[in-house]
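I have placed the structure first, in the form of structure tokens, so that the comments after it can refer back to it.
Both counts, for ligands and for their atoms, begin at 1 and track the order of listing.
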Amino acid sequence: MLPPLRRVRADANSIGRGATIATQNCSMCHGVLGTVQITAPALAGQYADVVYKELRDFQQGVMQNSIMQPIVAARSDQDLHDLAAYYASLPRGPAPEVAPTGSTPDANAVRLAMQGNIAPCAACHGQLDRKGSAPWLGGQSSVYLAAQMRAFASGTRHNDINEQMRNVARHMTSAEIDSLAKYYAAQQ
Ligand code: HEC
Ligand code: HEC
């Protein structure tokens, strides 16, 4: 479907060009330092290959979103690499939804994240290992995370190579989606 990803080389020039484009075109929704906003997912500290792939998926219509598609439509491939290099260079923001002090994370969410029903989330999403171009999940709002999981489960979002994420999401109950969304939103 998609050609193999080129490695993003995060040289200072690329980061600088990405910062300029981002300040003018992205910060109003994604935050000045790329941290979580109510309107849009956090991008600070996201893996560069993820940001590049998502931008290219929007551009090619593999991932559909009425806001993002026109924004990236006319961007060059170099612009997408520069934006990815810039966001990957930023430090991750704090956990957006801090759990009350003294509370422990939901045991079922921890089990699913670290051991899984089919495969643990952590085996693909970076905590234990990283597979495909799986994004880092910490730092996003629970609303965004749950919406993306439901979109994979229903197939509205179908840009994951080999259905890696759709196969996981289809086997999740609604309660599991909500508890995992809260679990990751409480992480950096
Ligand atoms: C008008 C607000 C707005 C602007 C401006 C905007 N975005 Fe977005 N962006 C969004 C929203 C909303 C989403 C989530 C779409 C969804 O729910 O799938 C998103 C999603 C993304 C994603 C996918 C994140 C993920 O983990 O799946 C990337 C990457 C991204 N935007 C990068 C950018 C870049 C780079 C720019 C500037 C060139 C930009 N955005 C400008 C609102 C915006
Ligand atoms: C086999 C590997 C794999 C496993 C296991 C897996 N994922 Fe994913 N996931 C992916 C990949 C790959 C993507 C990115 C798809 C794309 O956009 O190309 C993804 C995307 C996501 C997204 C969207 C994030 C964003 O910013 O757009 C969420 C949320 C998510 N996964 C949650 C989970 C949760 C929770 C679990 C555990 C129940 C899990 N995933 C297990 C591979 C996996």
Checking a contact table here: which protein heavy atom is nearest [atom], and how many Å away?
atom                    : answer
atom 25 (C) of ligand 2 : Y144 OH, 3.5 Å
atom 22 (C) of ligand 2 : F152 CE1, 3.8 Å
atom 23 (C) of ligand 1 : F58 CE1, 3.8 Å
atom 21 (C) of ligand 2 : H125 CE1, 3.4 Å
atom 14 (C) of ligand 2 : P135 CD, 3.5 Å
atom 12 (C) of ligand 2 : Q164 NE2, 3.5 Å
atom 17 (O) of ligand 1 : Q148 NE2, 3.2 Å
atom 28 (C) of ligand 2 : L137 CD2, 3.6 Å
atom 36 (C) of ligand 1 : C26 SG, 2.7 Å
atom 13 (C) of ligand 1 : P41 CD, 3.5 Å

Checking contacts here: is it the side chain or the backbone of [X] that comes within 4.0 Å of ligand 2, counting heavy atoms only? Could be both or neither.
X    : result
A169 : neither
R157 : side chain
I161 : neither
V168 : side chain
E54  : side chain
L145 : both

Hey, which atoms in ligand 2 end up nearer than 4.0 Å to a heavy atom of [X]?
X    : result
D160 : 15 (C), 18 (O)
A119 : 5 (C)
C124 : 1 (C), 2 (C), 3 (C), 4 (C), 5 (C), 42 (C), 43 (C)

Ligand 1 versus [X]: contacting region, heavy-atom distance under 4.0 Å:
X   : value
R75 : neither
L43 : side chain
I21 : neither

Show the nearest heavy-atom pair for residues [X] and [Y], with the distance to one decimal.
X    : Y    : answer
Y47  : G126 : OH-CA, 3.6 Å
I15  : A85  : CG1-O, 3.7 Å
A84  : Y52  : CB-N, 3.8 Å
H125 : W136 : O-CE3, 3.6 Å
M149 : M165 : CG-CE, 4.4 Å
A185 : S141 : CB-C, 4.0 Å

Shortest heavy-atom approach to [atom] - which of [options]:
atom                    : options                : value
atom 10 (C) of ligand 1 : Q46, H30, M28          : H30
atom 33 (C) of ligand 1 : M68, M63, K53          : M68
atom 37 (C) of ligand 2 : A122, C121, G132       : C121
atom 5 (C) of ligand 2  : P120, A151, A109, S133 : P120

Practice task
Decide, counting backbone as well as side-chain atoms, whether M165 has an N, O or S atom less than 2.8 Å from atom 8 (Fe) of ligand 2.
Solution key: yes

Exercise for the section: Using the side chain to side chain donor-acceptor pair (under 3.5 Å) rule, take Q59 and R75 through it: C-alpha gap first, then chi angles, then the decisive distance, then the call. Expected result: CA-CA 8 Å; Q59 200 172 55; R75 287 278 160 207; over 6 Å; no

Practice task
Kindly confirm whether atom 8 (Fe) of ligand 1 is within less than 2.8 Å of some N/O/S atom in C29?
Solution key: no

Exercise for the section: Verify the distance test for N65 against atom 8 (Fe) of ligand 1: any N/O/S atom under 2.8 Å, yes or no. Expected result: no

Handout entry: Reported CG-to-NZ distance for the pair L145 and K182, which is rounded to 0.5 angstrom
Key = 11.5 Å

Exercise for the section: State whether K53 and D49 are salt-bridged, where the test is any N-O pair (Lys NZ or Arg NE/NH1/NH2 against Asp/Glu carboxylate O) under 4.0 Å. Expected result: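 Salt bridge between K53 and D49, a charged N being under 4.0 Å from a carboxylate O: no.
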
Practice task
Could you tell me whether some N/O pair between D57 and ligand 2 is separated by less than 3.5 angstrom?
Solution key: no

Practice task
Give yes or no for whether the N/O distance cutoff of 3.5 Å, strictly under, is met between Q140 and ligand 1.
Solution key: no

Problem - Residues E54 and N159: side-chain donor-acceptor under 3.5 angstrom - result: yes

Problem - Full working for side chain to side chain donor-acceptor pair (under 3.5 Å) between R150 and S174 - result: CA-CA 8 Å; R150 293 202 162 91; S174 196; 2.8 Å; yes

Problem - Y183 touching ligand 2 at heavy-atom level, < 4.0 angstrom - result: no

